[in-house]
Amino acid sequence: MKTVIMLLLGSMMLFAYTDMDLDGVDDAVDKCPNTPITDLVDANGCSIKSVIVEQHYDIILGASYSNMNYSAGEQTDTYTGSVQLDYYRGSFSVQLLTSWFDSDSDSYSDSGTNDTTLAAYYRFKPTSSLTLNLGAGIVFPTYDSDLSNNNTDFTASANISYSLKNANLFAGYNYTVVGDDDIHEANRTILYQNTNSFSVGAGYYFTPKIYGSLSYYRSDSIYKSIEDIESLSAYAFYSIDTHWFATASYAYGLSDSASDNYVALRVGYYF
């Protein structure tokens with residue numbers, strides 16, 4: 001009999017406690033009923049923050065043209081198509097970029113796939129105006145070199161941006177460990193080196209949908225015998241709607257090792 005009474009009392013106690021929104025707070029004292037199950041709540045049952053991390057994807061298709069090939073040392077028309085896939089989750093992002101090219105000049109012709117890059121980035125925001133992105137990547141040797149010496153490269157990067165109302169100042173640094181094998185032959189020697197590159201610039205949001213920037217870029221060449229690569233660039237971004245966006249960029253070579261002119265157009269879809 002005692003056992004039956006205890007079970008009945010236990011059942012009454014269970015039915016006395018209700019928590020319809022499953023936040024751990026009794027409905028009798030819950031001041032914020034029907035909070036989402038993904039929210040963390042305080043002692044009153046009110047949301048403190050959501051545990052859902054924002055995430056999205058995008059895919060970007062691009063086409064570009066340049067009229068200089070510094071490795072060949074002569075004027076060359078190069079057309080490039082590219083596909084970029086991005087995944088964003090909170091402050092973390094992953095990027096996959098691959099491209100293919102077609103180059104022609106009076107004495108040179110080549111086409112195929114460029115190297116493919118897989119990179120990951122993490123965004124820090126120390127203040128509302130300051131943003132720091134740190135990244136690391138692997139460059140897979142998908143380019144079919146006639147030298148048969150193309151190997152995997154590794155990259156590390158840091159980018160900083162400071163916002164001033166509708167404007168921003170930015171700078172970036174990238175270090176690449178070049179894995180390609182040096183060539184030592186009777187009629188030629190090709191020596192490779194790791195590269196440092198940096199950029200600095202300023203941008204402005206003309207409207208919530210239109211952004212433009214100007215920047216300076218300088219980088220070591222991967223070849224020890226080639227001078228540093230320098231260029232000035234202009235960039236524009238246009239948000240077509242909540243999903244579609246487009247970018248355009250132009251770069252003017254300041255050094256003989258850079259493309260004389262480079263133009264690129266890209267269209268992306270955000271989801």
> Does the ring-ring contact (aromatic ring centres under 6.0 Å, His included) test come out yes or no for Y57 and F271, once each step is laid out?
CA-CA 5 Å; Y57 312 81; F271 55 95; 5.7 Å; yes

> Does any N or O in the side chain of S157 come within less than 3.5 Å of the main-chain N or O of Y173, such that one atom is a donor and the other an acceptor?
no

> Quick check: do D86 and I60 have side-chain heavy atoms less than 4.5 Å from each other?
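The answer is yes, as the side chains (C-beta and beyond) meet within the 4.5 Å cut-off.
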
> Assess, by modelled atom type and distance only, whether the side chains of T142 and T113 contain a donor and an acceptor separated by less than 3.5 Å.
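Result is no, nothing qualifies.
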
> Any chance you could lay out the side-chain contact (heavy atoms from CB on, under 4.5 Å) test for Y87 and D58, step after step, and finish with the verdict?
CA-CA 7 Å; Y87 169 69; D58 64 40; over 6 Å; no

> For Y238 and F245: C-alpha separation, side-chain torsions, deciding distance, then whether side-chain contact (heavy atoms from CB on, under 4.5 Å) applies.
CA-CA 6 Å; Y238 176 61; F245 59 91; over 6 Å; no

> Should the pair H243 and Y269 be assigned to parallel (<30°), tilted (30 to 60°) or perpendicular (>60°) ring geometry?
parallel

> Quick one: sort the Y88 and H56 rings into parallel, tilted or perpendicular, breaks at 30° and 60°.
parallel

> I want to check something: taking the side chain as every heavy atom from C-beta on, are I190 and D182 in contact at a cut-off of under 4.5 Å?
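Side chain of I190 against side chain of D182, heavy atoms only: no contact under 4.5 Å found.
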
> Is the backbone of G179 close enough, under 3.5 Å, to the side chain of D153 for a donor and an acceptor to pair up by distance?
yes

> Taking the six-membered ring for Trp, are the ring centroids of Y252 and Y250 within less than 6.0 Å of each other?
no

> If we ignore hydrogens and angles and just use 3.5 Å, is the side chain of T176 paired with the main-chain N or O of V178 as donor and acceptor?
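No: the side chain of T176 does not pair with the backbone of V178.
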
> Looking at K209, is its backbone amide N or carbonyl O close enough to the side chain of T207 to form a donor-acceptor pair, meaning the two atoms are under 3.5 Å apart?
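Checked: pair present.
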
> Just by distance, no angles: are the side chains of N168 and Y211 close enough, under 3.5 Å, to form a donor-acceptor pair?
yes

> If you draw a 6.0 Å radius around OH in Y216, do more than 12 non-hydrogen atoms from other residues or ligands fall strictly inside?
yes

> Going from OH on Y262 to OG1 on T78, what distance comes out if it is rounded to the nearest 0.5 angstrom?
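Interatomic distance, Y262 OH to T78 OG1, rounded to 0.5 Å: 11.0 Å.
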
